[in-house]
2 protein chains.
Amino acid sequence: MPARTKKRRLASDSRGPFEYRHARPALTVDCVVFGLDAEDLKLLLIQRDRAPHAAKWALPGGFVEVGERLETAALRELEEETSVNNIFLEQLYTFGEPARDPREHVVSVAYYALVKLSDHRIRASTDARDAAWVPVARARGLAFDHDRIVLTALARLKGKLRYQPIGFELLPRKFTLTQLQQLYETVLARKLDKRNFRRKILSMGLLVELDETQRDVAHRAARLYRFDRRKYQQLNRAGFNFEI
Amino acid sequence: MPARTKKRRLASDSRGPFEYRHARPALTVDCVVFGLDAEDLKLLLIQRDRAPHAAKWALPGGFVEVGERLETAALRELEEETSVNNIFLEQLYTFGEPARDPREHVVSVAYYALVKLSDHRIRASTDARDAAWVPVARARGLAFDHDRIVLTALARLKGKLRYQPIGFELLPRKFTLTQLQQLYETVLARKLDKRNFRRKILSMGLLVELDETQRDVAHRAARLYRFDRRKYQQLNRAGFNFEI
DNA sequence: TCAAAAGTGTTAACCATACACCCATGC
DNA sequence: GCATGGGTGTATGGTTAACACTTTTGA
């Protein structure tokens with residue numbers, strides 16, 4: 001990965017101290033990583049190993065290096081701290097309250113990410129750093145202002161899910177309509193009508209019906225579908241608007 | 001204004017140089033300020049008086065001071081450079097491409113603002129710095145990556161206008177339904193049906209019909225309305241969703 | 001009296017919602 | 001054969017969209 005090479009070079013150039021005419025806030029990135037499993041919506045958190053907020057759970061994140069893109073910094077920190085990579089990532093909001101870090105003024109550009117838990121379940125929890133998937137409902141009392149960042153990310157996810165086909169980023173490549181519906185019900189926190197949901201999502205023509213069904217289930221096996229990203233991009237250019 | 005006092009104190013404390021163990025990008029704020037007049041949607045720009053990009057038009061903005069809130073920094077720079085104050089301001093996006101400023105890595109938190117041009121028309125253009133209201137369509141070739149920031153702000157404005165009652169921030173306190181409709185037509189860049197528009201906006205019950213009509217117009221004078229912010233907040237809490 | 005914009009209703013098409021039963025499968 | 005979730009259609013009410021003429025006012 002070229003970005004990686006670039007980063008390495010920049011990092012090794014960084015022999016401090018560095019002097020500036022004016023004081024500068026520190027700049028970090030933090031990532032709110034969402035994953036979904038059969039039970040609920042989860043967040044990827046790491047346990048802090050030093051002050052401030054030692055032993056508290058926190059969002060993965062870290063300092064932006066000079067010469068590094070913000071998104072690159074977010075992906076780098078995620079990879080370093082949780083081994084999560086190859087994911088949907090989007091900028092969320094920038095948090096800059098002077099008191100949000102007790103040490104000094106630290107401005108943090110927050111990103112949110114959606115990952116297919118089926119792909120990432122094991123790697124994150126076996127990493128050296130203490131990383132874990134925590135149900136969103138139980139992710140309270142985080143370090144710094146991370147509770148607030150999580151709430152902002154949740155609101156964004158809820159808002160965005162209805163107007164952009166981002167839910168598929170949380171599901172395995174092949175999924176059933178019930179899984180998709182449950183995803184919407186979980187994130188939006190309300191029940192949806194099965195028949196209406198199916199009619200609507202299928203009428204958009206963005207799902208490809210596969211010649212495959214579920215396996216090892218103790219009931220009628222459901223049909224599997226996949227999201228047709230190419231078709232979506234095509235329709236999108238033609239002015240189509242996704243909406244559930 | 002307390003924020004002002006605070007800023008002054010911080011600024012006078014800032015006797016460099018300042019040393020850090022790791023290199024830090026510089027941190028700035030930039031403001032995309034929209035104003036509307038009878039002709040079109042305008043942007044508040046300032047002409048740069050020094051390199052890089054000397055003489056080019058740019059967004060008002062500047063460095064964030066340590067200990068200063070981001071929003072406070074944005075308001076301060078706006079006030080200093082263009083005398084614009086007391087406005088709707090919201091964070092837009094953070095731009096951090098390492099090459100966006102040729103001097104060094106400068107990360108900029110962009111804000112967008114909506115002002116009532118009727119209130120601010122004169123002050124901005126008579127200020128010492130060369131500030132001017134430029135039609136959005138003619139605001140190209142700006143300094144740094146400001147073209148891109150403007151495009152991002154425009155997209156946000158378009159998207160937000162339909163779901164939040166922010167258009168009123170661009171109009172005088174008393175306005176006609178035709179003015180309101182033209183605002184929507186200008187920003188969304190499409191024609192709307194007069195009867196449907198009126199029915200819809202009035203049916204929300206957020207406009208107060210005043211006992212007043214236009215003056216000095218060479219045709220039938222239109223009724224004036226004002227936006228009932230209190231009513232909106234009330235409805236909003238009850239789960240009401242604004243939508244045009 | 002003319003020009004300019006204000007103001008006003010109805011209809012048809014479409015879309016969202018509510019709702020209940022039979023089917024396939026594994027145990 | 002029973003428990004479990006899969007899969008399917010219709011009717012109703014509400015919302016959107018298309019459409020044109022009369023009124024008021026000042027110049």
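Just so you know, these numbers come straight off a predicted model, no measurement behind them. Below, chain A is the first sequence line, B the second, and so on; all start at residue 1.
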Open item on the list: Less than 4.0 angstrom between a side-chain N/O of A/T178 and OP1 or OP2 of D/dG5, yes or no?
Closed with: no
TODO: Scan A/K200 against the nucleic acid and name what it touches under 4.0 Å (heavy atoms): base, sugar-phosphate only, or nothing.
DONE: sugar-phosphate
Open item on the list: How many whole angstroms separate atom NE2 of A/H219 from atom C1' of D/dG5?
Closed with: 5 Å
TODO: Return the 5'-most residue of the pair A/N196, A/A221 with respect to DNA chain C, ranking by each residue's nearest nucleotide.
DONE: A/N196
TODO: Would you kindly give the CE-to-C1' distance between B/M204 and D/dT15, to the nearest whole Å?
DONE: 13 Å
Open item on the list: Aromatic contact between B/F175 and B/F168, with the criterion being ring centroids under 6.0 Å apart: yes or no?
Closed with: yes
Task: Rounded distance (Å) that lies between atom C1' of D/dT4 and atom NZ of A/K194 - done: 11 Å
Open item on the list: What is the separation between atom CD1 on A/I201 and atom P on C/dA16, rounded to the nearest whole Å?
Closed with: 13 Å
Task: Interatomic distance, A/R220 CZ vs C/dA24 P [rounded to whole Å] - done: 6 Å
Open item on the list: Using a heavy-atom cut-off of 4.0 Å across all strands, would you classify A/D216 as base, sugar-phosphate, or nothing?
Closed with: nothing
- [ ] Spell out, as yes or no, whether a donor-acceptor pair under 3.5 Å connects the side chain of A/Q47 to the backbone of A/A55.
- [x] yes
Task: Which residue lies more 5' along DNA chain D, comparing A/Q214 with A/D193 via nearest heavy atoms - done: A/Q214
Open item on the list: Can you measure A/R195 atom CZ to D/dG5 atom C1' for me and round it to whole angstrom units?
Closed with: 15 Å
Open item on the list: In whole Å, I'd like the distance from the CD atom of A/Q181 to the P atom of D/dG5.
Closed with: 14 Å
Open item on the list: I'd like to know if A/D37 and A/K42 make a salt bridge, using a cut-off of under 4.0 Å between side-chain N and carboxylate O.
Closed with: yes
- [ ] Rounded off to whole Å, could you give me the CZ-to-C1' distance for the B/R223 and C/dA5 pair?
- [x] 16 Å
Open item on the list: Taking any heavy-atom pair under 4.0 Å as a contact, classify B/T176: base, sugar-phosphate, or nothing.
Closed with: nothing
TODO: Using heavy atoms to find the nearest nucleotide of DNA chain C for B/R198 and A/R199 separately, return the residue whose nucleotide is more 5′.
DONE: B/R198
Open item on the list: Ring centres under 6.0 Å, that's the criterion: do A/F144 and A/F95 meet it?
Closed with: no
Open item on the list: Looking only at side-chain N and O atoms, does A/Y232 offer a donor or acceptor that is under 3.5 Å from a partner on A/Q164?
Closed with: yes
